[in-house]
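Structure record follows, encoded as structure tokens.
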Amino acid sequence: MKNFALKGDIIYTPEPGKFRCHEDSYLVCGDGKVKGIWRELPERFSGIRVEDYSGKLIFPGLCDLHIHAPQYSFRGIGMDMELLPWLETYTFPEESKYGDLEYAKKAYEIFTEDLRRSATSRVNVFATIHREAAVLLMDLLEKAGICGFAGKVCMDRNCPDDYREEDARTSAEETRKWYETVKDRTMMRPILTPRFLPSCSDELMEQLGKFQRETGLYVQSHLSENPEEVEWVKELAPWSENYGDAYDRFGLFGGTAKTVMAHCVYSGKKERALMKARGVYAAHCPQSNLNLSSGIAPVRTMLEEGLHVGLGTDMAGGASLSMLRVMTDAVQVSKMYWRYLDKKKKPLSAPEAFYLGTKGGGSFFGQVGSFEEGYEFDAVVLNDASLGTALDLQMDQRMERAMYLSGTEEITAKYVGGRKIFERL
Ligand code: GUN
Ligand code: FE
């Protein structure tokens, strides 16, 4: 891949607390990586192609650490329940349809096209239990230019007959077959995906742990999202110290198995300490936590304790695909946490939330989510000119406004790993 540059108002967060701004500058890409940012193009880059986005914001591609592709069709409906009845009533019946590849294709095409046009460049995505549909989802995402990890979901208990793998052995075997098909992919890579502890028998967890040790696969799942779920896990795994420990006993909680856990709303001190010790990422999904009345995750505490934290939509727990929206949701719920739960926990600022949605979560994928030299060239161009104001704004204010106000129309172009995958002409 040759060198090229984007010209515009470049903004990113190399550290959590503050935006770094380069007005009217050049962001140079070489071999899919960031080379640097300059006010004037250095001599050695003279003559390279320049894409002129003057006056527009350019920021790192956003990282959705937790999203369910097969739930996209029912986003924005069925918001009247908490997690466990919501899964039974809306989620499992919809996901069971993906055994039909024609339906899967129709639904996943809608999902991937909308994702391509969004500001998201990297995802950790859940498919369904169906091996072929999971491969299809990976095909479509790669064709759309999206990078990240995708998982065939594993579940063999506590779910309806028509949406359950027959037994632990079948689930593990299907997972192996799926892995063989997709193991050499470089854009959408496979990730081990036990749905959550209540839907995976001990035997299945053992087999998945063994498979993880053979392959080195990363792991994604759910953790401590809802009070009834947490109580249920205590019944199902009485031998565990906490929900996270239950995964850990099977070797599916970080360490050599790099792991991301969605939610962590009810992760107590001990569970968080284990997350920290094992390097487990928390995918904070504030909009989902509001819609399913789950609660508010102790994000400030996690950050103070030095945990890895990123953001996720948790589609369709979250109804919006927009990670800019999720950033503002994270700010807003942190204010309610401060107001109602703990006055010592300062709410998140806009640049802190932006950091979580870019470099914070991005590190799960490698050098992702920043414009420092050597980072993957993931960049979004956003036209905030249509977001009218009489004010003469600073760049950090423009970015904050874009987080709160912009929709899909403002996204002008997107690059992932140096490839332009979307442009609004
Ligand atoms: N826990 C287990 N499965 C799910 C799911 O699909 N969505 C959410 N939000 N939580 C879960
Ligand atoms: Fe989820």
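Computed over heavy atoms, backbone and side chain alike; hydrogens, waters and symmetry mates excluded.
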Could you check whether [X] pairs with [Y] (Lys NZ or Arg NE/NH1/NH2 to Asp/Glu carboxylate O, under 4.0 Å)?
{"X": "R169", "Y": "E173", "value": "yes"}
{"X": "K152", "Y": "E165", "value": "yes"}
{"X": "K210", "Y": "E214", "value": "yes"}
{"X": "K18", "Y": "E15", "value": "no"}
{"X": "R185", "Y": "D139", "value": "yes"}
{"X": "R164", "Y": "D161", "value": "yes"}
{"X": "E102", "Y": "K105", "value": "no"}

Look at the aromatic rings of [X] and [Y] and report parallel, tilted or perpendicular, splitting at 30° and 60°.
{"X": "F19", "Y": "F354", "answer": "perpendicular"}
{"X": "H263", "Y": "H222", "answer": "parallel"}
{"X": "H68", "Y": "H66", "answer": "perpendicular"}

Check whether NZ of the Lys or CZ of the Arg [X] lies under 6.0 Å from the centre of the six-membered ring of [Y] and within 45 degrees of that ring's axis.
{"X": "K258", "Y": "F364", "value": "yes"}
{"X": "K343", "Y": "W338", "value": "yes"}
{"X": "R176", "Y": "Y179", "value": "no"}

Measuring from atom [atom1] of [X] to atom [atom2] of [Y], what distance do you get when rounded to the nearest 0.5 angstrom?
{"X": "W232", "Y": "F196", "atom1": "CH2", "atom2": "CZ", "answer": "5.5 Å"}
{"X": "L208", "Y": "D156", "atom1": "CG", "atom2": "CG", "answer": "8.5 Å"}
{"X": "M403", "Y": "M327", "atom1": "CE", "atom2": "CE", "answer": "5.5 Å"}

Less than 6.0 Å separating the ring centroids of Y98 and Y108? yes

List the steps, then state whether side-chain hydrogen bond (donor to acceptor under 3.5 Å, both in side chains) holds for D314 with S288.
CA-CA 6 Å; D314 191 34; S288 169; 2.6 Å; yes

Of all heavy-atom pairs linking D64 and T120, the shortest is CB-CG2, 4.0 Å

Correct closest heavy-atom pair for Y12 and F371 would be CD1-N, 3.5 Å

Look at the side chain of [X] and the backbone N and O of [Y], then say whether any donor-acceptor pair between them is shorter than 3.5 Å.
{"X": "R116", "Y": "I421", "value": "yes"}
{"X": "E352", "Y": "S349", "value": "yes"}
{"X": "R122", "Y": "C147", "value": "no"}
{"X": "T259", "Y": "A257", "value": "yes"}
{"X": "Q287", "Y": "A319", "value": "yes"}
{"X": "S171", "Y": "D167", "value": "no"}

Hey, mind stepping through E95 and Y163 against side-chain hydrogen bond (donor to acceptor under 3.5 Å, both in side chains) and telling me if it holds? CA-CA 8 Å; E95 289 193 12; Y163 192 51; 2.6 Å; yes

Taken in chain and number order and not counting sequence neighbours, the residues that satisfy ring pair (Phe, Tyr, Trp, His ring centres under 6.0 Å) with Y404 are none

For this session: Apply side-chain hydrogen bond (donor to acceptor under 3.5 Å, both in side chains) to the pair E372 and S370, showing each step before the final yes or no.
Result: CA-CA 6 Å; E372 289 148 87; S370 184; 2.5 Å; yes

**Stepwise side-chain hydrogen bond (donor to acceptor under 3.5 Å, both in side chains) test for N226 and Y266** = CA-CA 7 Å; N226 168 286; Y266 296 97; over 6 Å; no

Can S386 and E410 be counted as having a side-chain donor-acceptor contact under 3.5 angstrom?
yes

| request: Show your reasoning for whether side-chain contact (heavy atoms from CB on, under 4.5 Å) applies to M188 and V125. | output: CA-CA 9 Å; M188 285 306 306; V125 60; 3.9 Å; yes

The side-chain hydrogen bond (donor to acceptor under 3.5 Å, both in side chains) partner of E305 among K269, R272, R300 is R272

